[in-house]
Structures are given as structure tokens and as C-alpha cells.
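Since this is a predicted model, take the numbers as computed values, not measurements. Naming convention: chains lettered A, B, ... in sequence-line order (proteins, then strands); numbering from 1 in each chain.
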Amino acid sequence: MKKTIRQLILDAAQKAFENNEFNSNEFADFAIEEPKSDAHGDIATNFAMVNAKTQKMAPRKIAEILIRYIGNDSPVIEKTEIAGPGFINFFILPAAWYPVLNDIYEKDAEYGFSDIGKGQKTQVEFVSANPTGPLHVGHGRGAIVGDSVATLLSACGYDVHREYYINDAGKQIQTLGLSVFLRCKQLDGHTVEFPEECYQGDYIRDIAEELKQEKDDWIYSVSEDEAVSFCSKFAADRMIIKIKNVLNTLGISFDNWYSEQALVDSGKVESVIQKFKNREIIYEKDDALWFKTEDFGDEKDRVVVRNNGQSTYFASDIAYHQDKLDRGFDRIIDVWGADHHGYIPRIRASITASGKDEKQFVVILTQLVNLLRKGVPVSMGKRSGQFITLQEVIDEVGKDAVRFIFLTRHYESPLDFDLEVAKQKTNDNPVYYVQYVHARISSIIRKARDENKIGKNEITDIAFDKNAMAMIREPEEIQLIKHLARYPETIASSAEYMEPHRMAFYLMDLAADFHAYYNKHRVLTEDPDLTAGRLYLIFAVQKVIRNGLTLLGVSAPDSM
RNA sequence: GCGCCUGUAGCUCAGCUGGAUAGAGCAACGGACUUCUAAUCCGUAGGUCAGGGGUUCGAAUCCCUUCAGGCGUGCCA
């Protein structure tokens, strides 16, 4: 509809210019939008205002000329008017909205999908939590945002690749191994002291017990170094399995699990360092190797190889991001927790340094999650082991509620996640509000079948009965269709701005419109045409609700 | 100190990238179930968009500044 109106305006403007009523045929960019208030019509444009300069005319004068050329013969327009400082408001004929419904039936699960991504290869890397402990709610937020963004991009025709980067090299993995090793010894009755840096959560004990079950006393038959190293590998593998399981319960899976250790073993880290050394953008100081990130926009230079010869996490990351781009991705999107924001300039520096376009690299920073119970903060501390895991949160409030709550906020705002609120099945918890629409419509359709009220056509018939269609004319019904017509652009903007919350809010709004309609009008009536028309409408609503929930990874139940 | 993020109704949050009278939900108050699921709906009330300046036809939105909160500012990850 917006496209149609835009074209009408452009054609009219061109004609006005040809007849010398406009001073220029260079028109400024103008907006086509839906006014907040119904009194301002269905669609409005600021064309006249933004073109005051190009035409050297008063906005209202421009508007007058324009609507004269738009005329009244368009099949979709009921009337036009000029309002306020020069808005042009269009009132659309109710019947002009009907094709939206046919479109929904025709495209079905792919209604609203587009190819604006043009098959661009896009990688979304998210979660990527260290396998040194269970996921917590903060990881959950990144996981859900990343997954939903990936899904939305796919719906817009991007060729999307989901990746999890496993930090399975480096000191923290050794520490993990040591923690498990010490816990094993303790389980065997030895007195051991845990160094402060060791992980002490219950999961360490679980892994130690699993290890003992599989390997019995083997760890004492080898050197301690060898034992710890084995424990590291064993524990990391176990943690990855657990992480995969949690993510599975959230409906999240990855195309690739990328191992840092494998990256190191491949020699890519070494070779990037060498390459940068040759270009003299890596230099030696204080027995360490430094990357001149400051030359590429960072605050100061960063260490890539420590004075003890170990390379840093950053060194791997340079090679990793290089490798991503070498794999041919047009755009790489990293989803990080806000506490990593200091890393952006240095990664960007590494990308610029290697001659790539920094615009290919995008970071979504999800702000921290405060876990509460009845308004009281739940303490979180990884080393101490005193924390609630993501798995526990999901078990308590359910996958759908967790996903939806995380998605009803802009990822940039800090999030208070209250476990008690999340469990409530009230409107504090809008996931049920939206799902209820789906269940209600399923219920109506069941009843319609029971009572033989489906009519002579199946509801899903695209070539729908004209008489039935014409019965759709209540204001609430037209309102619903207008809302359904906005779904495609909601997908597009959610994907373009990588803001899945837009879809969540869209669904809540649509749900509100439906619930209001439901309370005011009966779908199943004694009039067969009316009943058929309304069934056709609500079935379309149900499809859109289901499609939208699916994009957000939330289920659409047939009964609640 | 510097950098990033945030500040909108009592609470939790939107506000479509500069548009018309700033919107929802919760909480409060008053109504609607013999009829398709009341996990719903209808209504009332609630605002100096943190404060101040600027940009222009027009600012919650852009710029400057002050204040408040969070995070970061490692040869940790």
C-alpha cells in the first residue's frame, strides 16, 4: 500500500513539473507513514514540507498542487486532505485492503519474507561463552538476540551462518582442568586447598565425578601435568555438551562450532603475527609483542604475545576475524555482552590493518541482565559458584517466556529479569497474551468445524468467496487487516536494524487488536457469508501471529 | 580522569531513525462472563521525555553542556 501511494505521489509530482506548476523535478526524500491518529487518515506523507526548499514554495501550496494531480480516480483512495503544516493525508477505501489477506494465504509461512539481503553471506557469531562454566542469563540474552537476528536476516534473503567460537585454548582452560583435578583428589579423600583462581561451582564436582567414573584412578598413574591437561580437555568437552543442551532447550543451534585451539594449531595465529611483524605494525617492547592498534583508531597499542611467550586472547581473535572474512562473508556480526565493548576498537583495528572494510564488521552489544526474585537481586558470582544458571531459569519459567521477555526490550537497555514476574501468566508477561490469540483462533476454528460453519469453501482457499469477503467491513476488521499489512515491513526493519524487539512489539499490538475485536464481535454467526468472511480474516491473523512467533523462536499453541 | 551504554507515568518498557494531541502493560479506581477460552475486554486517573542551552517550519529523537546510574579502562577472558 505504501508503495502504491509513493508511486502516486511521484507520478503526480512529475506531471505537475511538466505543466510548470513545480519549479524543479528534483524532489527531496519524503516519508510515507501511518499517522498515529485515525483522524489523520490511513497514510500520510511529509512530501510538501520536505520539498519547500526544492520548490521554493510554501508547503501547503505544494500540497494543494500535488493533490490536484493525484486526483480522485485511483482505485484505492477514498479521499485526500491537507493538514497541519502541510501533511497530505490519504484515506484508503476499505476494500482496497482485502488483497493483503489473499497475499497472506498465498505466501503462508513465508508471508512478509523478502530478498532485500540478496543472498549476501552474513555470519552471526554469538554466545561464544568460555567452556569454563555453565551459561548464565546474560549469555541467554545474547543467545536469544543473536538467534533471532539470524532468523530475521534469513527471512530477508540473507545467507546466514551461525557460529559459536569456543575459547578452548589458553589459561582459563588450564584453570578449569586444575579445578577438576583438585576436586577429584578431594573426592578421593585427599585434603586439598583450592587456589583462589579456581572454579568452585557444583558443576566442577559433577564433572569430577563423571571423570572418575570413566577413568577411575588413572589420573594418579601419570604425571600431574599430564593429568591436569587431560582434565582440561575432558572438562571442556563436557561443558560444551552442557552448553549445547541448554541452547537446544532454547531452540538454538549453530552451523559451526569453531575451536580456538584448532585455529592455533592450524598456524593461522602465528602467521598473522608474522605478517604484521613484517609490515612493522607489530613491534617488540618490554619482551612482549605489541600490535599498533593506536594507528588504526584504538586508544593505545595492545599486547599480542606476552613476555612469557604466550599469545593473548586478542592474538587469536585477530586471526579468527581474519579467517571469518577469508571464508568469504560479506558481513560478520558479533553479539557480545556490554562488558566487552572495550574490545571493539581493537578488533576493528585488526580488520582495517588487514585491508578489509571495517563496515563489514558489526557488533551487537547486549546490555547486562539483572536477575531478580520479587524485586530482590539474586547474587551472581562465577568463581564462588553462587549463581543461578540459564538452565535453571529456563526450567523455572519456560523457554517461551524467557525468549519473549528478552526480546521485548531493546538489546541496548539493561534488563531487569524478575523470576517471579516471568512465571506469572498475566499481562505482565506478554508472551501468553500473544500466544492466547493463537489458541483462541484455533478454538474458534475447531468450533466452526464442529458446527459445520466453515462454509462452502475451505478457509484456506485463496480464491475466496467474494460475497464473504465483502462482509469484512467493521472498523475493527479493517484495522486488523491494516495491521497485518504492516507485517512485512516489520520483518524488514527488525532485520535491517537488527532489533528483534520490533517484531515482539508488533505481535503484542496485533494481539491487542485481535482481543479487542474478539470481545466486540462474534465470528461464528447465523449468517454464512459473514461467518465465512470473518473466519477468513482471523485465520490470516493466526498465520501472522504464528509466523511472527516462529521468527522469535516462540511456540504457537493451539490451546492453553 | 577518559571511553561506551542508559535516564520517558508510581513500576517495567515502547516511541517506526526529525513530524501532528508522547504510547502500552503492571499497580490504583469503576465496569463487562447463561453466547466462539475472562491468560480477555471497556472506561477513569496518571508526564517539566533527568536539568540547561543550541540547530529549524517542527526535537523525547540531532549537537553542546551539567547531573545521576551501569559497564569498561590488564602482558585476564
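Closest approach to the Ala516(A) side chain among A20(B), G3(B), C41(B) is made by C41(B) (side chain taken as heavy atoms from C-beta onward). Closest to the side chain of Glu412(A), from the set C75(B), C13(B), C5(B), is C5(B). Looking at the side chain of Arg502(A), the nearest of the listed nucleotides C75(B), A39(B), U17(B) is U17(B). Among the nucleotides C36(B), A77(B), C71(B), the one closest to the side chain of His341(A) is C71(B). Nearest to the side chain of Gln367(A), among A20(B), C5(B), C36(B), sits C5(B). Considering only side-chain atoms of Tyr497(A), the nucleotide from C13(B), U17(B), C36(B) that sits closest is U17(B). Distances from the side chain of Asp286(A) to the nucleotides C75(B), U17(B), U40(B) place C75(B) closest. Nearest to the side chain of Leu365(A), among U6(B), C4(B), A39(B), sits C4(B). Comparing C13(B), C36(B), C41(B) by their closest approach to the side chain of Phe505(A) singles out C13(B). Among C41(B), C36(B), U12(B), the nucleotide with an atom closest to any side-chain atom of Tyr433(A) is C41(B).
Spacing between atom CZ of Arg522(A) and atom C1' of U35(B) amounts to 5 Å, rounded to whole angstrom units. Arg141(A) places its CZ atom 15 Å from the P atom of C71(B), with the value rounded to the nearest Å. Leu507(A) places its CG atom 15 Å from the C1' atom of A24(B), with the value rounded to the nearest Å. Between Leu372(A) atom CG and G70(B) atom C1' there is a gap of 14 Å when expressed in whole angstrom units. The distance from atom CG of Leu152(A) to atom C1' of C16(B) is 15 Å, rounded to the nearest whole Å. Phe314(A) has its CZ atom 14 Å from the C1' atom of G74(B), to the nearest Å. Atom OH of Tyr343(A) and atom C1' of C71(B) are 15 Å apart (whole Å). For the pair Met508(A) CE and U12(B) C1', the computed distance is 11 Å after rounding to whole Å.
Residue Ala31(A) is classed as having no contact, given no heavy-atom separation below 4.0 Å to the nucleic acid. Using a 4.0 Å heavy-atom criterion, one finds that Ala83(A) contacts the bases of the nucleic acid, with or without backbone contacts as well. Nucleic acid contact for Thr490(A): none, since no nucleic acid atom lies under 4.0 Å from a heavy atom of the residue. Asp339(A) comes within 4.0 angstrom of the backbone, heavy atoms only, and of no base. Counting any heavy atom pair closer than 4.0 Å across all strands shown, His438(A) reaches no nucleic acid atom. Within 4.0 Å of Arg409(A), counting heavy atoms only, lie sugar-phosphate atoms of the nucleic acid but no base atom. Here Leu524(A) lies in heavy-atom contact (under 4.0 Å) with a base. Residue Ala448(A) is classed as having no contact, given no heavy-atom separation below 4.0 Å to the nucleic acid. At the heavy-atom level, His515(A) lies under 4.0 Å from the strands shown only through sugar-phosphate atoms. Nucleic acid contact for Pro414(A): sugar-phosphate only, since backbone atoms but no base atoms lie under 4.0 Å from a heavy atom of the residue. Across all strands shown, Lys300(A) has heavy atoms under 4.0 Å from sugar-phosphate atoms exclusively, and none from any base. At a threshold of 4.0 angstrom between heavy atoms, the contacts of Asn89(A) include nucleobase atoms, whether or not backbone atoms are also involved.
Applying the 3.5 Å distance criterion, the base of A20(B) shares no donor-acceptor pair with the side chain of Asn46(A).
For C4(B), the paired nucleotide is G70(B), the pair qualifying as Watson-Crick or G-U wobble because both relevant distances are below 3.5 Å. Using Watson-Crick or G-U wobble geometry with both donor-acceptor distances under 3.5 Å, U40(B) finds its partner in A32(B). As the counterpart of C49(B), no nucleotide is assigned, since no Watson-Crick or G-U wobble pattern has both distances under 3.5 Å. Within the shown strands, nothing qualifies as a pairing partner of A14(B) under the Watson-Crick or G-U definition with both distances less than 3.5 Å. C76(B) is unpaired under the criterion used here, namely a Watson-Crick or G-U wobble arrangement in which both key atom distances are under 3.5 Å.
Between Tyr517(A) and the phosphate of U40(B), there is no side-chain N or O to OP1/OP2 separation shorter than 4.0 Å. The side chain of Arg440(A) contributes no N or O atom lying less than 4.0 Å from OP1 or OP2 of A39(B). Using a 4.0 Å cut-off, no side-chain N or O of Lys453(A) falls inside it from OP1 or OP2 of C36(B). At C16(B), none of the side-chain N or O atoms of Tyr487(A) fall inside 4.0 Å of OP1 or OP2 (strictly under the cut-off). Here Ser413(A) reaches the OP1 or OP2 of A14(B): one of its side-chain N or O atoms lies under 4.0 Å away. A close approach under 4.0 Å does not occur between any side-chain nitrogen or oxygen of His410(A) and OP1 or OP2 of C5(B).
No side-chain donor-acceptor contact under 3.5 Å links Gln424(A) and Asn429(A). Tyr411(A) and Glu499(A) are not linked by any side-chain donor-acceptor pair at a separation below 3.5 angstrom, with hydrogens and angles left out of the test. If you check the side chains of Tyr432(A) and Asp400(A), you find no donor sitting under 3.5 Å from an acceptor. With 3.5 Å as the limit, one finds no donor-acceptor pair spanning the side chains of His340(A) and Asp334(A). Side chains of Tyr258(A) and Asp323(A): a donor-acceptor N/O pair is present below 3.5 angstrom, by distance only.
With centroids closer than 5.5 Å and planes inclined by less than 30 degrees as the test, His40(A) and the base of A20(B) pass as a stacked pair. Remark: ring of Phe87(A) does not overlap the six-membered base ring of G19(B) in a stacked fashion, as centroids less than 5.5 Å apart with planes less than 30° apart are not both met.
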Short heteroatom pairs, N/O only, protein and nucleotides 57-61 of chain B, under 3.5 Å:
none

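Two rings, from Phe47(A) and Phe27(A), have their centers less than 6.0 Å apart.
The number of heavy-atom neighbours closer than 6.0 Å to NZ of Lys423(A), taken from other residues, nucleotides and ligands shown, is above 12. Heavy atoms of other residues, nucleotides or ligands lying less than 6.0 angstrom from NZ of Lys61(A) number 12 at most.
In this entry the base of U17(B) is syn relative to its sugar, with a glycosidic angle within 90° of 0. Using a 90° window around 0 for the glycosidic torsion, C33(B) falls inside it and is classed as syn.
Remark: Arg440(A) is positioned above the aromatic ring of Tyr518(A), its terminal NZ or CZ atom under 6.0 angstrom from the ring centre and at most 45 degrees off the axis. Seen from the ring of Phe87(A), Arg60(A) does not count as a face-on cation partner, given the 6.0 Å and 45° thresholds.
Both Asn429(A) and Ala169(A) lie close to RNA chain B; mapped to their nearest nucleotides by heavy-atom distance, the more 5′-ward contact belongs to Asn429(A). Across the interface with RNA chain B, nearest-nucleotide mapping of Met560(A) and Asp416(A) shows Asp416(A) to be the residue nearer the 5′ end.
Arg306(A) meets the side-chain hydrogen bond (donor to acceptor under 3.5 Å, both in side chains) test with Gln310(A); sequence neighbours excluded. With sequence neighbours excluded, the residues that form a side-chain contact (heavy atoms from CB on, under 4.5 Å) with Lys482(A) are Asp42(A), Trp97(A), Ile478(A), Gln479(A).
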